[in-house]
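Worksheet: one structure, shown below.
Just so it is clear, the structure is predicted and the values come from calculations on it, not from any experiment. We name chains A, B, ... by the order of the sequence lines, and we start the count at 1 in each one.
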Amino acid sequence: MWSWIVMHRAYFPDAQAQLPYVIAFVELAEGPMVMARITGADLACDAAVTFNPEQSATAGIAVFDIEGGRPSD
Amino acid sequence: MSSTAAKGLALGDAAIAVAGIGSTDYRRDYRVTDQRRNAEDLATEAFATALDDAGISRATIDGLIAVRVNYERMADVLGLTNLRTAGSLEGSGRMAGVAIAEAAAVIMTGQATTVAIVYGNDGRSKGERYGGDGGPETTAPYDAAQGMTSPGAYVGMMFRRYAHEFGATSDALGTVAMNSRLNAAKNPVAVLQEPFDLDGYRASRFIAEPLRLLDYCLINDGGVALILTGKPVAGPARPTAYVRATSVAIDITNSYAKRDFYYAATREASRDLYAAAEMRPDDLDCLQLYDNFTPTVLFALEGFELCGRGEASGWVLEGNLGPDALPANTAGGHTSESYMQGFGHLVESVRQVRGEAGARQVAGCRTVGFFCVSPIISGVIFERR
């Protein structure tokens, strides 16, 4: 996780109910940087994160979990 | 002339003067939004002031750069019938320095003698939000699907990382914002004039955390105009502001968030600017720093070599920015005076160089540096002659 923000403003019409939410800029092992949602506490720059295919498929967006703090769901 | 290695425009011999400046009463226009108000009207009002300030006939103007407004509409409304060149620049903050560089280049190459730069912004009345509507970055639609949007969020992302790498603190951002607000209190047309302290800053609400409301530029209505000329400036017996040098560097990728916070490209612009001007950072009496969001000020201070890499936070907290140190954003900047996307900073530069800045005048100001860090990085140095 290169960095992250916590979004407190609903720029999108359907975002109000989600506020505040975490978005991170994640550096993939292959090199590219991608925006993604993050689950787990202990947010920190350089924290290791793992792609969560189940949640990503459900949400229709990229979700990564903080390693070592992966929630049960 | 500059050394052959420098890509900046050295204008020492060209003697390109800012003959006239104009801007609207931002405070007046902030009191009420008005759906009938439009950017062209605001640009027109600013142009009329600039023309009067220059003391020249509109027939003299043979070049037009319209920003955030349509050049065809503006040429017609302003009655500019002697144009030899005309065009528009996108309505974004990165274009302020570009407009000066392009006007200077047009004059230096003989395409026109006298160029009007006109800018109009009706963003507040039109409900502009700068978020939620995609944007020019190539990954914007993907990012938006993740809930990522707005320039401030990208700058917030960079500041979190920058703080991690260099130990910068949010209090440094608060100090930048406080400096602007204290300056705005001395500027009759500044939108926000109520001072706040560091506790007030810390209590302001988050927008894209770690950035708070007080780190954000305003959204307001206004117009700005500058008239640049290569002709001898006659008329009123007052000091004249000349453009001494400009430089531009590009850092365009698929995201507004850069892994080095624009540092490498900003150093290129800095190197070219000081070489073209044959000056050093220490030679500047006053700074006008593009401050769409307060972290951008820290990035500019480092890239344009007012302090070392990673040192801007401490440098600001030590009190190096301000009326009793190095005056910066003397009109109140984007966070307190007005968000005219850098163009307000340009006219404030001219006012300071002329000695016309009223209660906020920097004593003995002869040189002002305008610095903008963004995908198009620019520097402009104005000097009094």
Side-chain angles (χ1 to χ4, degrees), chain A residues 1-69 71, chain B residues 127-135 137-168 170 173 203-217 219 253-261 293 295:
Chain A
M1 187 159 84
W2 184 76
S3 186
W4 84 99
I5 59 146
V6 185
M7 185 67 89
H8 290 262
R9 176 166 177 180
Y11 285 102
F12 300 108
D14 58 350
Q16 189 69 47
Q18 303 176 42
L19 294 180
Y21 58 86
V22 175
I23 312 165
F25 214 14
V26 171
E27 181 178 10
L28 302 179
E30 296 82 357
M33 305 277 284
V34 295
M35 288 293 167
R37 299 292 271 270
I38 296 289
T39 68
D42 302 326
L43 296 165
C45 292
D46 294 333
V49 294
T50 305
F51 185 61
N52 183 326
E54 298 85 10
Q55 279 206 20
S56 297
T58 304
I61 58 177
V63 180
F64 286 74
D65 301 326
I66 303 268
E67 284 184 11
Chain B
E128 178 75 67
R129 301 192 315 155
Y130 300 96
D133 52 358
E137 301 87 7
T138 55
T139 59
Y142 173 84
D143 293 357
Q146 320 302 315
M148 180 66 178
T149 185
S150 77
Y154 289 90
V155 174
M157 193 82 81
M158 282 193 285
F159 181 71
R160 171 103 59 192
R161 180 73 198 190
Y162 170 83
H164 170 75
E165 291 187 15
F166 296 110
S170 288
L173 303 183
S204 82
R205 66 187 163 90
F206 285 123
I207 305 294
E209 188 181 348
L211 298 192
R212 301 175 179 280
L213 180 65
L214 291 175
D215 294 309
Y216 274 62
C217 58
I219 296 176
T253 60
N254 65 359
S255 176
Y256 197 94
K258 309 296 184 194
R259 301 187 67 161
D260 74 343
F261 326 110
F293 310 95

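- Although no hydrogens or angles enter the test, the distance criterion places no donor-acceptor pair under 3.5 Å between the side chain of A/Tyr11 and the main chain of B/Ala144.
- One finds the CD atom of B/Gln146 at 11.5 Å from the CZ atom of A/Phe25 (value rounded to the nearest 0.5 Å).
- Here CE of A/Met33 is found 11.5 Å from NZ of B/Lys258. Values are rounded to the nearest 0.5 Å.
- In this structure, A/Ser3 contributes its side chain and B/Met157 its backbone to a donor-acceptor pair below 3.5 Å.
- Contact annotation for A/Ala15: neither backbone nor side-chain heavy atoms come within less than 4.5 Å of a heavy atom of chain B.
- For A/Ala24, the part lying near chain B is the backbone, with the side chain staying farther off; criterion is any non-hydrogen pair under 4.5 Å.
- The backbone N or O of B/Ile207 lies less than 3.5 Å from no partner atom in the side chain of A/Arg9, so there is not a single donor-acceptor pair.
- With a 4.5 angstrom heavy-atom cutoff, A/Asp46 touches chain B via backbone and side-chain atoms both.
- Contact of A/Gln18 with chain B is not made at all, since no heavy-atom distance falls under 4.5 Å.
- With a threshold of 4.5 angstrom between heavy atoms, A/Ala59 does not approach chain B through any atom at all.
- Distance check, rounded to the nearest 0.5 Å: CZ of B/Arg161 to CE of A/Met1 gives 10.0 Å.
- Interatomic distance, CZ of B/Arg160 versus SG of A/Cys45, reported as 7.0 Å (0.5 Å rounding).
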